[in-house]
Amino acid sequence: MKRAAGKRKRMAQLLDGKVLSAEVMENLKARVEALKGKGILPGLAVILVGDDPASQIYVRNKGKACEDLGIRSETIRMSGDTTQEELEAVIDRLNKDEGIDGILVQLPLPKHLNEPAALAKIIPEKDADGFHLLNCGKLLCSLPGTQPCTPKGIMYMLKSANIPLSGREAVVIGRSNIVGKPVAMMLLQENCTVTVCHSRTQDLASHTRRADILVAAVGKAKFVTADMVKDGAVVIDVGINRVDGKVVGDVDFENVAPKASYITPVPGGVGKMTISMLMLNCVEAAEKRAAL
Ligand code: GUN
């Protein structure tokens, strides 16, 4: 049956992380081949402490991506009662390993470990995640440095779709060091007017409804509902929540998508970009080694 005129549900354009990250990976494969031609094999080391189930999946996916690219990957699994000294000794060893270009400590670490101290141990040149204080500082000061993978992937998606950013209102929900704070800095760098909301924000919807670009990094399933979103907004969903065995984002996709101009799906959105950006950081580090 034909729908009555004007009744058709508008749907946002999908920002497809699967397609985009596949393009990034294809491009990286060529760069890896060029490096191999110079006798350099990029290498990534991932350290996983404890047995957090979500972290195990992320770490496995990172290893798989290395395999796809044909680069060296080393996963170091350490028990949940690992001491700070033991963790830092592994980081020290990897800092000195000439075949390793990127080191990543999967977060969160078990509570008894000092996360900032561990991240500070990674030499900035091998800081695949961009979490070292030097790289954080460079981001804050708009200087080139290694940037965190999820925010970098978000900016890659926005730019690939030619979404205008300058002068626009960007609202970020979440203030983590991994996503909220760095993506706010990157949006500011692109001349957005940026608001960072968090768990103590009063009247959250009054902020989110002003957003031309809305980034949800909350960690709560379907937290962002249609009434919180402005018509035509670009909605970036960073959430990976497991509900009844299904992965869902922080955005109520079904009801928000008809209102948005662009939206990222979960799965198949930002998560895919995080991994390809990690590979990009690693290949870039290897290219710097090759140029030495
Ligand atoms: N845990 C959740 N996201 C990330 C990430 O991007 N990097 C690391 N190291 N740990 C994480």
Side-chain angles (χ1 to χ4, degrees), residues 17 21 24 43-66 73-78 80 82 87-88 90-91 94-95 100-111 113-124 126-136 139 145-157 172-186 215-220 236-242 247 249-250 264 266-267 269-282 284-285:
S21 66
V24 173
L44 173 70
V46 176
I47 304 171
L48 173 62
V49 186
D51 48 16
D52 177 69
S55 291
Q56 293 198 29
I57 296 171
Y58 300 146
V59 166
R60 206 179 315 132
N61 289 341
K62 287 166 187 177
K64 261 193 230 153
C66 289
S73 136
E74 185 176 337
T75 303
I76 298 108
R77 293 172 201 278
M78 305 180 79
T82 296
L87 173 59
E88 292 186 11
V90 169
I91 294 171
L94 294 166
N95 280 338
I100 290 292
D101 297 286
I103 304 170
L104 179 153
V105 176
Q106 186 64 33
L107 303 177
L109 285 172
K111 290 269 183 294
L113 293 173
N114 183 338
E115 202 166 277
L119 297 177
K121 269 277 162 188
I122 300 171
I123 56 171
K126 295 193 180 190
D127 173 29
D129 256 328
F131 292 161
H132 188 282
L133 294 179
L134 184 74
N135 284 318
C136 296
L139 176 59
T146 305
Q147 298 192 335
C149 307
T150 302
K152 184 167 171 163
I154 292 170
M155 300 310 289
Y156 195 99
M157 290 178 119
V172 179
I173 319 176
R175 55 175 158 176
S176 70
N177 292 338
I178 296 179
V179 183
K181 282 188 243 175
V183 81
M185 285 305 121
M186 290 178 197
V215 180
V218 192
K220 288 186 186 160
I236 307 292
D237 190 347
V238 185
I240 301 178
N241 309 290
R242 282 173 183 82
V247 174
D250 288 348
T264 62
V266 177
V270 174
K272 286 271 174 226
M273 297 307 295
T274 298
I275 296 200
S276 54
M277 291 300 115
L278 173 64
M279 295 300 114
L280 175 56
N281 281 351
C282 195
E284 279 175 352

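Every number for a ligand or one of its atoms is a count from 1 in the order of the listing.
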Problem - Region of Phe131 that comes within reach of ligand 1 [heavy atoms, distance under 4.0 Å] - result: side chain

Handout entry: Identity and distance of the protein heavy atom lying nearest atom 11 (C) of ligand 1
Key = Gln106 NE2, 3.4 Å

Exercise for the section: Write out the residue and atom name of the closest protein heavy atom to atom 3 (N) of ligand 1, then the distance separating them to 0.1 Å. Expected result: Ile178 CG2, 4.0 Å

Handout entry: Exercise: identify the closest heavy-atom pair between Ala128 and Thr146
Key = O-CG2, 4.0 Å

Handout entry: Short N-O contact, Glu284 and Lys152, less than 4.0 angstrom
Key = yes

Handout entry: Side-chain donor or acceptor of Asp237 paired with backbone N/O of Gly239 under 3.5 Å
Key = yes

Exercise for the section: May I ask you to check if ligand 1 and Val105 share an N or O to N or O distance below 3.5 Å? Expected result: yes

Exercise for the section: Would you mind running through ligand 1 and noting each atom that sits below 4.0 Å from a heavy atom of Leu104? Expected result: 9 (N)

Problem - Heavy-atom donor-acceptor pair, Gln56 side chain to Asp51 backbone, under 3.5 Å - result: yes

Practice task
State which residues pass side-chain hydrogen bond (donor to acceptor under 3.5 Å, both in side chains) with Glu74; sequence neighbours excluded, sorted by chain then number.
Solution key: Arg72, Arg93

Handout entry: Heavy atom of the protein closest to atom 9 (N) of ligand 1 (residue, atom name, distance)
Key = Asp129 OD2, 2.5 Å

Practice task
Please examine the side chains of Ile76 and Leu48, heavy atoms only from C-beta on, and report whether any two atoms are closer than 4.5 Å.
Solution key: no

Exercise for the section: Compute the shortest N/O to N/O distance between Thr150 and ligand 1 and return yes if it is under 3.5 Å, no if not. Expected result: no

Exercise for the section: State whether the shortest distance between N or O atoms of Leu107 and N or O atoms of ligand 1 falls below 3.5 angstrom. Expected result: yes

